[in-house]
Amino acid sequence: MMKTDAKIIDADVLVVGGGSAGLWAALALTEKAPDKKVVIVDKGPADWGGLMRMAGGDFEAVLPPDDVDQWLEDLVYYFDGLCDQHLMQKVLAQSAARMKDYETFGCEFFRKPDGALKSVPQRGLPHVKLFPARQKGRGGELMVKSLVARLKEQGVQRFGRIMLNRYLTNAGRVCGAAGFDCRSGDFYIFRARAVIAASGMGGWKTSYGKNTPTGEGMRMAYDVGATLYNLEFSRVWNMPRLFAWEGQTHLFPLGARFVNRLGENFMSRYSPILGPNTDPHYTTIGMALEISAGRGPIIFDVSPLKEEDMPILRPQTGWQKLNYDRLCKLGLDIFRDNTEWVPQMTVSHGGIRTDADGYTGIDGLFAAGTARSLEPGVYAGGYALMTTAVTGHMTGEAVAGWLAGSSAPLPEFSAGELGRMRADIFEPMTKTVPGALTPKHVLTHIQAAVFPYDVSIIKNETAMQRALAELERIEHEEIPRMFANDPHELLKLREVEAILFVSRHFVAASMERKESRAGQYRSDFPKLDPDGPAWLLINRQPDGTSRFSREMVPLDKYPVPLTRCYQNNFNFS
């Protein structure tokens, strides 16, 4: 049942999302401004830690003898020029400090017999590498616990299982958020002088490891005027057909490879230089082409792996260890036996456009971590834990400074305003509609529109037009018919609304970018745009429609010139 009275919580700063970026932002805030009240709200359990808890714990950091300039050159090349070099310089420069923090907290990284840190090179890049967690399969969980323990000491208030549905505004300033408890149905109002969006990216609920990122934070920011970008990029991962797994980032550099049903190492055909040691964006293009040509299924060949590398591959604890042990009992050792793998859509790489400090351009609203989009659809192992930690910390410090110069009061809302917000949030639980649909039913139709190879991997105009028409049909015919019987189902319903928002913009933005670059491959535009790299920005118009605009990457103002692109290592045409 819907509760009638609003629970009003006041804070100096509201952090939306309790994952890596949100926890780091709150920690930096309390260190920089210990007199300010910080509140974290998450739709999952209060101290769950978002996707970080599911991560292996591997971390990228620029450690000697490497330097920031070397890594920056690698990433400009890897991102095909779609790199905010000034932001990336700051992130890379602070990466070692955040890794040192984790070690101080008690998180351990794998070391060789001589005591030196073990590193694993990434994507065939000269300098970018990750440092594996000592406890494979539990590293992310230990990171979460260490951060939560410090926030408890600092008195940070944490709320779990609350779905925030809209940002509150007053005279153009974001000043809080409204939502509901997805178990009790309590109506919540969080009032704050500043808000940090740290709720991550969007996604499609394709596995339990990626079940929670659905894009509602992105949609909320868009609704109050924030600019979005990188929506054309998604992470299409390679996964075992019969079970989910995390950690293949280690396997390719150490010798594993994909082969087709003929036993051919097919990625060496598409990229003789890199072969399979590249981003899943490129390997899944190869997989899709092989399957389309009748050379499937695709087999993950682990026979080249060496015994001395097994300690950093096999999970010692956590959810991966549980999965590994169960598979072994069924007679399948994924580090010894070849298995069938398939492409799988996982998450969107789109996010909120900000400056280097996380400011969105909307008064009072900041963003951190993957909520702000930090990569154009290509990914290196350990990169997300690095960038979410660093940008979370950077944004927390920036907001502390912003508060020192701001006298923004907490907003006041009349009983009528509160009543209208409550009615809007809980409307799907109170309406009666003919032919009511469950959120799962609608989600299945969204997935069916977005997941075909010619829409998500080997994109082309005709297929994307078909997908966009179907998504528009779902928006007008099915979304209004969704109904929730209880607060938990209301949570699922709001997630599906956000997934549709992300899906529409993913397809529309993919059509707008008429080239292949970084995390997008179009079979009808297989080459890089000769005009150079440009960001595709999305803004909400007064009539509710989206406006797309291009902004050229200011290479003339950046320290690293774009002299080569990673995309040119491949020939898929």
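Residue numbers start at 1 and run along the sequence shown.
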Just wondering, more than 12 heavy atoms not from H445 lying within 6.0 Å of its NE2?
yes
Aromatic Y379 / basic R235 pairing, under 6.0 angstrom, 45° off normal
yes
For the pair E475 (side chain) and L471 (backbone), establish whether a donor and an acceptor sit closer than 3.5 Å, ignoring hydrogens and angles.
no
For a ring pair (Phe, Tyr, Trp, His ring centres under 6.0 Å) check, start with the C-alpha distance between W535 and F233, then their side-chain angles and the critical distance, and finish with the verdict.
CA-CA 11 Å; W535 284 299; F233 301 122; over 10 Å; no
Any idea which heavy atoms bring Y229 and S373 closest together, and the distance?
OH-O, 3.3 Å
Using a cut-off of 6.0 Å, state whether more than 12 heavy atoms not belonging to R473 lie near its atom CZ.
yes
Within residues 346-355 or reaching into it, pairs that qualify as salt bridge (Lys or Arg N to Asp or Glu O under 4.0 Å) - sequence neighbours excluded:
R353-E551
Taking the side chain from S184 and the backbone from D181, do they hold a donor-acceptor pair closer than 3.5 Å?
no
Can you classify the ring geometry of Y78 versus Y566 as parallel (below 30°), tilted (30 to 60°) or perpendicular (above 60°)?
perpendicular
What residues form a side chain to side chain contact (heavy atoms under 4.5 Å, CB included) with A28, not counting sequence neighbours?
H393, E397
Take atom NZ of K431 as the centre, draw a 6.0 Å sphere, and report whether it contains more than 12 heavy atoms from other residues, nucleotides or ligands.
yes
For F79 and Y383, take the angle between the two ring planes, folded into 0 to 90°, and tell me which bin it lands in: parallel under 30, tilted 30 to 60, perpendicular over 60.
perpendicular
Answer yes if the side chains of H349 and S234 hold a donor-acceptor pair under 3.5 Å, and no otherwise.
no
Please check this pair: side chain of T388 against backbone of A384, looking for a donor-acceptor N/O pair closer than 3.5 Å.
yes
Under 3.5 Å, is there a donor on one side chain and an acceptor on the other for S503 and W204?
yes
